[in-house]
Amino acid sequence: MPNVFQNFLNQVTSGYKEADKRLGGWLPGGGTASPVTRVVQPVKNAVKFANVRDTALIPVLDRGLAAGVVPPVAGMYARFLSGTSKPLTELPPALQAEIPGAYASATTPKRILNPEWETALQTKTKEKLTQIEDPTIARMFAINDLNAAKIPQYISSQEVINKNGNVPIGQRDYRSGSVLSESLGRFWVDPTTKEIKDRYDFNYYTPEYIGPSMRDPVAGLQMLKEGNPRGAIPLADALGLIKPGAGYEIKAPLR
């Protein structure tokens, strides 16, 4: 099977350029400046594969991922860029092979990032954004508030397991360079059913916080030229495929 991610990325890039051409150079970096509102709907209409995404593209991609013929990191990222919210229910063999070792490490008591702190940070950042327009500064003030409230940023992993009922697995639980790092990142495993639970999204592309350049397609094209796949996000955003907060649930059995 061809590299689905590269094909998808090529479609996003060429689709953006073609849309700019058809719209008379209105898109950012394409020609005459124009308000974004004038181009969003036409571009959406131009990307026809989005209409059959969940019934055609995603099932084929998922079968390729489950069979191990689609590279897991690229395939899961392409899935995100498509804008689907359809859950991923089978994980690639490369991930399945590394999860047992990570799970064994995660059940060993240690101090980890407090999930409640993360949730509080998102809430507080959103609150600050009503007063401060810059998301980076808003997030900084939110962290200061959490520190003042003495909400612990790190707690015992066993405490998290007792509260949540699931085992949290993070970067410290698998080897450096593991395929898990660029695919699942941090995730949960139900100790009883061994179901893997996660949400594939990016903390720098949310309604509460949008990282620099994440909605700038010109910067996105430059990042791709430099070999940074993160540049595909602002392109997919400009095409109307995704918006801040995009992502999909992962609910898959450990095989």
Side-chain angles (χ1 to χ4, degrees), residues 1 4-5 53-123 153-206 242 245-255:
M1 180 178 288
V4 174
F5 170 70
R53 175 191 60 207
D54 290 346
T55 57
L57 173 65
I58 296 304
V60 171
L61 179 57
D62 286 359
R63 286 196 293 272
L65 283 167
V69 295
V70 173
V73 174
M76 292 174 71
Y77 187 40
R79 205 177 190 279
F80 167 81
L81 293 172
S82 77
T84 188
S85 59
K86 189 174 182 179
L88 178 63
T89 57
E90 287 289 341
L91 289 179
L95 273 64
Q96 293 278 8
E98 296 202 22
I99 290 176
Y103 178 79
S105 172
T107 55
T108 303
K110 62 175 71 70
R111 293 186 65 76
I112 63 172
L113 189 63
N114 181 3
E116 292 182 1
W117 184 90
E118 290 187 276
T119 300
L121 177 60
Q122 293 176 0
T123 301
Q153 186 173 356
Y154 295 93
I155 59 176
S156 163
S157 59
Q158 190 57 53
E159 184 179 346
V160 175
I161 294 172
N162 293 341
K163 286 183 178 180
N164 189 279
N166 295 303
V167 177
I169 298 178
Q171 302 275 358
R172 295 170 59 188
D173 296 312
Y174 43 81
R175 62 180 177 79
S176 175
S178 167
V179 67
L180 295 176
S181 177
E182 299 298 325
S183 53
L184 291 177
R186 286 182 294 149
F187 58 101
W188 302 82
V189 174
D190 186 314
T192 302
T193 65
K194 295 300 187 291
E195 182 182 48
I196 300 156
K197 304 175 182 180
D198 190 24
R199 176 173 169 78
Y200 190 104
D201 54 17
F202 294 91
N203 60 10
Y204 50 78
Y205 186 68
T206 71
I242 58 175
Y248 56 88
E249 299 298 320
I250 296 174
K251 298 179 180 180
L254 177 58
R255 301 286 183 192

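What you see is a predicted model; the values in this text were computed from it and never measured.
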Does [X] reach the side chain of [Y], with side-chain heavy atoms less than 4.5 Å apart?
{"X": "S181", "Y": "Q171", "value": "yes"}
{"X": "K110", "Y": "S156", "value": "no"}
{"X": "N166", "Y": "P191", "value": "yes"}
{"X": "L113", "Y": "Y154", "value": "yes"}

Kindly give the heavy-atom pair with the smallest separation between [X] and [Y], and that separation in Å.
{"X": "Y174", "Y": "A102", "value": "CD2-CB, 4.1 Å"}
{"X": "P93", "Y": "A66", "value": "CD-O, 3.5 Å"}
{"X": "P59", "Y": "R53", "value": "CD-O, 4.1 Å"}
{"X": "K86", "Y": "R79", "value": "O-NH1, 2.7 Å"}
{"X": "I196", "Y": "F187", "value": "CG2-CD1, 3.8 Å"}
{"X": "G83", "Y": "I242", "value": "CA-CG2, 3.6 Å"}

First locate atom [atom1] of [X], then atom [atom2] of [Y], and finally report the distance between them rounded to the nearest 0.5 Å.
{"X": "R172", "Y": "T108", "atom1": "CZ", "atom2": "OG1", "result": "11.0 Å"}
{"X": "S157", "Y": "R111", "atom1": "OG", "atom2": "CZ", "result": "10.0 Å"}
{"X": "Q153", "Y": "E118", "atom1": "CD", "atom2": "CD", "result": "8.5 Å"}
{"X": "Q122", "Y": "T206", "atom1": "CD", "atom2": "OG1", "result": "6.5 Å"}
{"X": "L61", "Y": "S82", "atom1": "CG", "atom2": "OG", "result": "7.5 Å"}
{"X": "D173", "Y": "I99", "atom1": "CG", "atom2": "CD1", "result": "12.0 Å"}

Quick check: are there more than 12 heavy atoms from other residues, nucleotides or ligands sitting under 6.0 Å from CD of E116?
-> no
Report, as yes or no, whether the 6.0 Å neighbourhood of atom CD on E182 holds more than 12 heavy atoms from other residues, nucleotides or ligands.
-> no
Scan L91, L65, L95, D198 and name whichever one has a side-chain contact (heavy atoms from CB on, under 4.5 Å) with S183.
-> L95
D201: side-chain hydrogen bond (donor to acceptor under 3.5 Å, both in side chains) partners, not counting sequence neighbours = R199
Between [X] (side chain only) and [Y] (backbone N and O only), is there a donor and an acceptor less than 3.5 Å apart?
{"X": "Y248", "Y": "M76", "result": "yes"}
{"X": "S105", "Y": "G101", "result": "no"}
{"X": "R255", "Y": "Q96", "result": "no"}

F202: ring-ring contact (aromatic ring centres under 6.0 Å, His included) partners, not counting sequence neighbours = Y77, F80, Y200, Y204
